[in-house]
Amino acid sequence: MSEKHVVILGGGYAGLMAAVRLAQKKLPIKLTLIDEKPHFVERIRLHQVAAGDRLKQHYYAPFLAKSGISFVQARAEEIRADARELLLSGEGAPERLSYDYLIYALGSYIPHDQVPGLEGAADSLADLPSAERLREKLKSKPGRIAIVGGGLTAIEAATEFAERVKGAKVSLLTPLLDPGFSAPGRDYVLKTFDRLGIELHEGARVSAVEGKELVLGNGARHGFDTLLWCAGFAVPDLARRSGLAVDEAGRVRTNEALQALSHPEILAAGDASAVAGMDGEPYRASCAMAMPMGIQAAENVARLVKGRAPKPHNAAYLFRCISLGRKDGIIQYVDKFDRANGKIKTGKAGARHKEFICKFTWRSIAYERRLKLPLYMWPKVKKADLQRAA
């Protein structure tokens, strides 16, 4: 069997997990991981960075040394899928890189061009440099911090800043606070906002940014000194520009085995994949779903190299974990299809649970690389679950 070149594009939760899992296989393959950054970023901790923390850096090159995985720091400019070739840019990177199989795991980001005047006016938690810039800004003169968005990132940032940033007056503006909470979960979050002095404007829609003011849909204005934009969802447009079949958001359309519909030698994992769960609904963008998808992509590439049929992806939910500052948190338990039930864990127990998950996420990748064993496992949906949900 001739050696196959497997390229993993994106070194986030899905991509790095895929690379580490594939490296364990005794296969005639050459493995290459490509990322624009020199190191892995724990995105689930970036709100902590903005509030004052400093993260330990996990650089790809030393981390992957002696693992059989080559690292190339580069930006992918185009996928020439018919030729099975990537066009790259970056100092010291090859201009072209051919592959036999490609795992597309470029993740997602929050766009900053959604309303007039937003671009250049808002801070972001999209990456480590952005979080570090926000940290330095909040050190000097935090003043009025306006956070736009009602998802988990917005909630975590609001509570973190309200608890830890001296002199900050935090407000959160959103059309709707995350609907993934049960009634007890929502009540607990609202009580936490009250305790920390966070001003919630639910039902607010931002139509423009003018100077240091948000213009709302009803004509009202909301002033700020620092604006953090946490609303919306987007993925890199590389797949669309390269002619792959994508959905309206630009995510790669795949079959149930994560193979791109237009090019089955490309497998997509993580936020940039449009694969649906067992209930037909898209998976929620999260590291909890990205890591299983990365592993499934790796396992399916291994099967394809061996001449076997790939297996469908199957992952179930357990809970949502949200930090509410360093000493508080909430674990919202859900069914296997991510629907909240009445069970929650809160307070210090919730905070400890959240911190355990954050540590477990990185350590799962690190231990698999170090021990060269398939240690990470996840819950799956069974036929009985589908019948009960029907």
Side-chain angles (χ1 to χ4, degrees), residues 12-18 20-21 43-44 103 105 107-108 151-153 178-186 233 247 251-259 267-303 309-323 329-345 350 353-354 356-365 367-368 373-390:
Y13 294 104
L16 189 57
M17 191 78 248
V20 167
R21 180 59 67 94
R43 286 184 64 181
I44 55 178
I103 296 179
S108 63
L152 304 188
T153 299
D178 194 295
F181 289 112
S182 62
R186 177 184 166 87
F233 170 90
D247 67 2
R251 297 175 295 187
V252 178
R253 292 188 182 275
T254 73
N255 62 16
E256 58 186 7
L258 305 180
Q259 293 174 284
L267 290 86
D271 296 355
S273 170
V275 67
M278 296 289 286
D279 60 348
E281 295 297 321
Y283 286 106
R284 171 165 48 91
S286 64
C287 66
M289 290 293 108
M291 290 172 68
M293 291 170 72
I295 291 176
Q296 189 65 61
E299 296 290 346
N300 281 345
V301 166
R303 295 183 68 85
K311 290 185 175 181
H313 179 56
N314 183 342
Y317 297 88
L318 287 175
F319 49 74
R320 295 184 177 202
C321 51
I322 306 98
S323 64
I330 178 170
I331 307 301
Q332 173 65 68
Y333 290 91
V334 300
D335 66 11
K336 290 189 175 183
F337 305 104
D338 204 29
R339 297 174 299 196
N341 56 43
K343 184 180 178 183
I344 59 174
K345 182 190 293 184
H353 192 147
K354 166 70 175 184
F356 170 81
I357 293 299
C358 288
K359 290 179 178 178
F360 172 79
T361 300
W362 167 251
R363 289 175 180 175
S364 296
I365 299 172
Y367 288 159
E368 284 221 6
L373 293 172
L375 303 175
Y376 188 92
M377 302 179 69
W378 63 92
K380 298 184 179 182
V381 177
K382 300 177 181 178
K383 289 183 178 180
D385 300 318
L386 290 168
Q387 293 171 351
R388 283 193 292 269

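When the ring pair (Phe, Tyr, Trp, His ring centres under 6.0 Å) test is applied to Phe337, no partner is found at least two apart in sequence or on another chain. Residues satisfying the side chain to side chain donor-acceptor pair (under 3.5 Å) test with Ser182, not counting sequence neighbours, are Gln332. Remark: Glu368 pairs with Arg21, Gln24 by the side chain to side chain donor-acceptor pair (under 3.5 Å) rule, at least two apart or across chains. Looking at residues two or more places apart in sequence or on another chain, you find no salt bridge (charged side-chain N to carboxylate O under 4.0 Å, His left out) involving Arg363. For Ser108, the side chain to side chain donor-acceptor pair (under 3.5 Å) partners at least two apart in sequence or on another chain are Asp271. Residues passing the salt bridge (charged side-chain N to carboxylate O under 4.0 Å, His left out) test with Asp247 are Arg251, sequence neighbours excluded. Ala290 meets the side chain to side chain contact (heavy atoms under 4.5 Å, CB included) test with Tyr13, Ala14; sequence neighbours excluded. Remark: Asn341 pairs with no residue by the side chain to side chain donor-acceptor pair (under 3.5 Å) rule, at least two apart or across chains. By the salt bridge (charged side-chain N to carboxylate O under 4.0 Å, His left out) test, Lys354 pairs with Glu156, sequence neighbours left out. Applying the side chain to side chain contact (heavy atoms under 4.5 Å, CB included) rule to Pro379 yields the partners Ala316, Leu318; only residues at least two apart in sequence or on another chain are considered.
When each of Val252, Thr254, Val275, Val301 is checked for a side chain to side chain contact (heavy atoms under 4.5 Å, CB included) with Leu267, only Val301 meets the rule.
Closest approach of Pro310 to Gln259, counting heavy atoms only: CG-OE1, 3.3 Å. In this structure, Ala288 and Tyr376 approach most closely via the heavy-atom pair O-OH, 4.2 Å. Considering every non-hydrogen atom in both Ser273 and Leu258, the closest pair reads OG-CD2, 4.4 Å. Val334 approaches Ala340 most closely through the heavy-atom pair CG1-CA, 3.8 Å. Counting all heavy atoms, side chain and backbone alike, Ala315 lies closest to Tyr283 at N-OH, 3.4 Å. Of all heavy-atom pairs spanning Cys321 and Ile331, the tightest one is CB-CD1, 3.3 Å.
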Could you go through Trp378 and Met289, starting from their C-alpha distance and side-chain angles, then the distance that decides it, and tell me whether this counts as side-chain contact (heavy atoms from CB on, under 4.5 Å)? CA-CA 9 Å; Trp378 63 92; Met289 290 293 108; over 6 Å; no

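No donor-acceptor pair closer than 3.5 Å links the side chain of Asn300 to the backbone N or O of Ala297.
Within the model, atoms NE2 of His353 and CD1 of Ile330 stand 12.0 Å from one another, a figure rounded to the nearest 0.5 Å. Within the model, atoms CD1 of Ile44 and OG1 of Thr153 stand 10.5 Å from one another, a figure rounded to the nearest 0.5 Å.
Contact annotation: the side chain of Ile365 approaches that of Met291 to within less than 4.5 Å [non-hydrogen atoms, C-beta and beyond]. Two residues are said to be in side-chain contact when any heavy atoms from C-beta on lie closer than 4.5 Å; Val20 and Tyr367 fail this criterion.
Within the structure, side-chain hydrogen bond (donor to acceptor under 3.5 Å, both in side chains) contacts touching residues 309-321 (residues at least two apart or in different chains) are Asp178-Arg320, Arg320-Asp338.
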